[in-house]
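First the structure, in the form of structure tokens, and then the observations on it.
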Amino acid sequence: MQKKQVVVTGLGLSTSLGQGVEHNWHALCAGRSNFKLSARLAPGAIRTRFAAVDERFEGQRNPRVVIETYLREVIAEATACCPAQSYDRLYYSLPNGMYYWAERLRDATQPRSDNAFFALSSEESLGSELASTYRLREFPTVVATACASSASALQLGYEAIANGLAERVIVAAADSSIYDETVSKFNNLSALSTRNDSPQTACRPFSADRDGFVIGEAGACLVLESVASAQARGVDVLAHFSGCASTTDNQHRTKGDPNGAGMRDCMRLAVEAAGLQPGQVDCVNAHGTSTPENDRMEAQVISELFPHKPWVTSVKSMLGHTVHAAGAVEAVVSVLGLAHQVVTPTLQYDGNLDDKGVRIAGQCQEGVALRHVLSNSFGFGGQNVALLFSAPEQGSGR
């Protein structure tokens, strides 16, 4: 059976830079960030005391409130620009399960008739709300593959439409991990930057002196449709979702293959799934975490797979690592880059890869001829997802 073409018709974005797609796009093009010491991180108790902070939530002690606020904001924005009577499916990603024990235990000290663990970890209430609000034909699905979670959710949305199982799908994600417990865990893995004396310059993807990622918080949403559905509704096509792929390294619980084999196969398979050759990729929206190992492996694979030196950028240099939301956030930025023919900057890049076959966009690049953008997401344990977006054909959509 021939697969259906999948297109993007709606976007939603809220980050540490502000709310809304348009506001965030202008801020990203201007190279803004909001890395700062956070009131949510206890001084002296943990090694990293800063993050990419959304000022609205500095007084909020319950991360679940932040996460649900983001989800509601971005889904509402993405669906408002292309309202449909109903949607077939919703895939979403967010932190859940064994997190935020301090909040749970604090809550458990108060008398309550229900189960505290269930109340703080179940998705039943939020899932029911979203299913009702957006008139879903099936119950929402939560997707978790660590830092690749929302990219995996996008892959599931793509496959549902491409294989004729759905016509309209909402994919959303949110994360807020700026709390002592989560940051302590990442510190124990030596994953975070500890530049407490200079938060604004701490996130340095692909630079030689990078020392770890900076945690962030954000929400993002994409509405996916079949071409037939978009045409029937007369909505604008923002981009084609041309292909995707995923691989698993099976190397270590947290580390990926040191040779980047899983990353390499994932990127190659995504390009092949889109019916393209590697030389047709114009930009790689890198996972680009600012950790020593990820950036080393990713740069190595990009130089090997794409010797024509497409532009490479890391959104995390401005927004930090938004973990479960990162794949969706970067997918939104990839679509916007195609729409505006712009490559967003990679802040604090020191130029050390310029003579190694990798062309990092240290500054915002405007007026770039972008036809195809590859967006990478790589999770702990070697969970790899690559998504390929293409500019809409002339005259497509409304």
Side-chain angles (χ1 to χ4, degrees), residues 8 11-35 51-54 70 74 93 147-151 154 173-175 177 193 200 202-207 210 213-222 239 282-291 294-295 298-299 302 310-340 342-349 358-366 368 370 373-379 385-389:
V8 180
L11 301 174
L13 188 61
S14 284
T15 74
S16 54
L17 298 180
Q19 293 75 60
V21 168
E22 185 175 358
H23 175 89
N24 272 280
W25 176 247
H26 290 305
L28 291 168
C29 290
R32 296 178 193 153
S33 65
N34 197 34
F35 298 116
V53 171
D54 186 330
Y70 275 137
V74 297
S93 302
C147 305
S149 293
S150 53
L154 282 161
D175 202 308
S177 295
S193 171
Q200 283 289 347
C203 194
R204 319 170 65 82
F206 300 109
S207 288
R210 62 191 182 273
F213 72 81
V214 178
I215 204 80
E217 54 189 347
C221 181
L222 295 90
D282 303 306
C283 177
V284 178
N285 195 329
H287 188 54
T289 56
S290 189
T291 59
N294 174 85
D295 292 9
E298 190 170 15
I302 289 171
W311 285 108
V312 178
T313 185
S314 172
V315 176
K316 292 180 180 71
S317 70
M318 293 174 281
L319 300 179
H321 194 342
T322 55
V323 196
H324 290 77
V329 168
E330 289 153 24
V332 169
V333 175
S334 296
V335 171
L336 292 171
L338 287 165
H340 296 280
V342 168
V343 178
T344 53
T346 302
L347 301 190
Q348 315 306 327
Y349 175 59
V358 182
R359 183 168 59 159
I360 307 292
Q363 304 292 329
C364 184
Q365 304 295 321
E366 299 181 357
V368 179
L370 296 182
V373 174
L374 184 70
S375 186
N376 290 335
S377 295
F378 305 131
V385 181
L387 315 171
L388 203 147
F389 297 96

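Positions are given from 1 along the sequence.
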**Message:** Just so I know, are the side chains of P310 and C283 near enough to count as touching, which here means a heavy-atom distance under 4.5 Å?
**Reply:** no
**Message:** A side-chain contact here means heavy atoms from C-beta on lying under 4.5 Å apart; do V368 and D282 qualify?
**Reply:** no
**Request:** Could you grab the distance from atom OH of Y349 to atom CZ of R210, nearest 0.5 Å is fine?
**Result:** 10.0 Å
**Message:** I need the S150 OG to H324 NE2 distance, nearest 0.5 Å.
**Reply:** 9.0 Å
**Fill in**
Value for OG1 (T346) from CD (Q365), rounded to nearest 0.5 Å, stands at 9.5 Å
**Message:** Exactly one of S314, S375, S334 should register a side-chain hydrogen bond (donor to acceptor under 3.5 Å, both in side chains) with N285. Which one does?
**Reply:** S334
**Request:** Could you pull out the closest heavy-atom pair between V214 and A52, with the gap in Å?
**Result:** CG1-N, 4.0 Å
**Request:** State the OH-SG distance between Y70 and C221, to the nearest 0.5 angstrom.
**Result:** 15.0 Å
**Request:** Could you list all the side chain to side chain donor-acceptor pair (under 3.5 Å) pairs where at least one residue sits in residues 23-34, not counting sequence neighbours?
**Result:** T15-N24, S33-Q200, N34-E55
**Spatial distance of atom CG (N376) from atom CG (N294) [nearest 0.5 Å]** = 9.0 Å
**Request:** Decide side-chain contact (heavy atoms from CB on, under 4.5 Å) for V343 and V373; before the verdict, give the C-alpha distance in whole Å, the side-chain angles of both, and the deciding distance to 0.1 Å.
**Result:** CA-CA 10 Å; V343 178; V373 174; over 6 Å; no
**Request:** Verify, without hydrogens or angle tests, whether H321 (side chain) and F213 (backbone) share a donor-acceptor contact under 3.5 angstrom.
**Result:** no
**Prompt:** Measuring from K316:NZ to E330:CD, what's the distance to the nearest 0.5 Å?
**Reply:** 3.5 Å
**Prompt:** Of the non-hydrogen atoms in L374 and A386, which two are nearest, and what is the gap between them?
**Reply:** CD1-CB, 4.1 Å
**Asked** Is there a side-chain contact between L222 and L11, using heavy atoms and a 4.5 Å cut-off?
**Response** yes
**Request:** Considering non-hydrogen atoms only, spot the tightest contact between P345 and S317 and give its length.
**Result:** O-OG, 3.6 Å
**Asked** Quick one: does T289's side chain get under 4.5 Å of D295's, heavy atoms only?
**Response** yes
**Request:** Compare every heavy atom of V358 with every heavy atom of A299, then report the nearest pair and how far apart it is.
**Result:** O-CG2, 3.5 Å
**Request:** Measure the shortest side-chain to side-chain distance between Q348 and S290 over non-hydrogen atoms and say whether it is less than 4.5 angstrom.
**Result:** no
**Request:** For E298 and A286, indicate whether the former's side chain and the latter's backbone hold a donor-acceptor pair under 3.5 Å.
**Result:** no
**Message:** Could you report the tightest heavy-atom contact between G216 and T322, atom names first, then the distance?
**Reply:** C-CG2, 3.9 Å
**Fill in**
Tightest non-hydrogen contact, residues S193 and A202, listed as OG-CB, 3.5 Å
**Asked** Do you know which of L338, V21, T344 makes side chain to side chain contact (heavy atoms under 4.5 Å, CB included) with V333?
**Response** T344
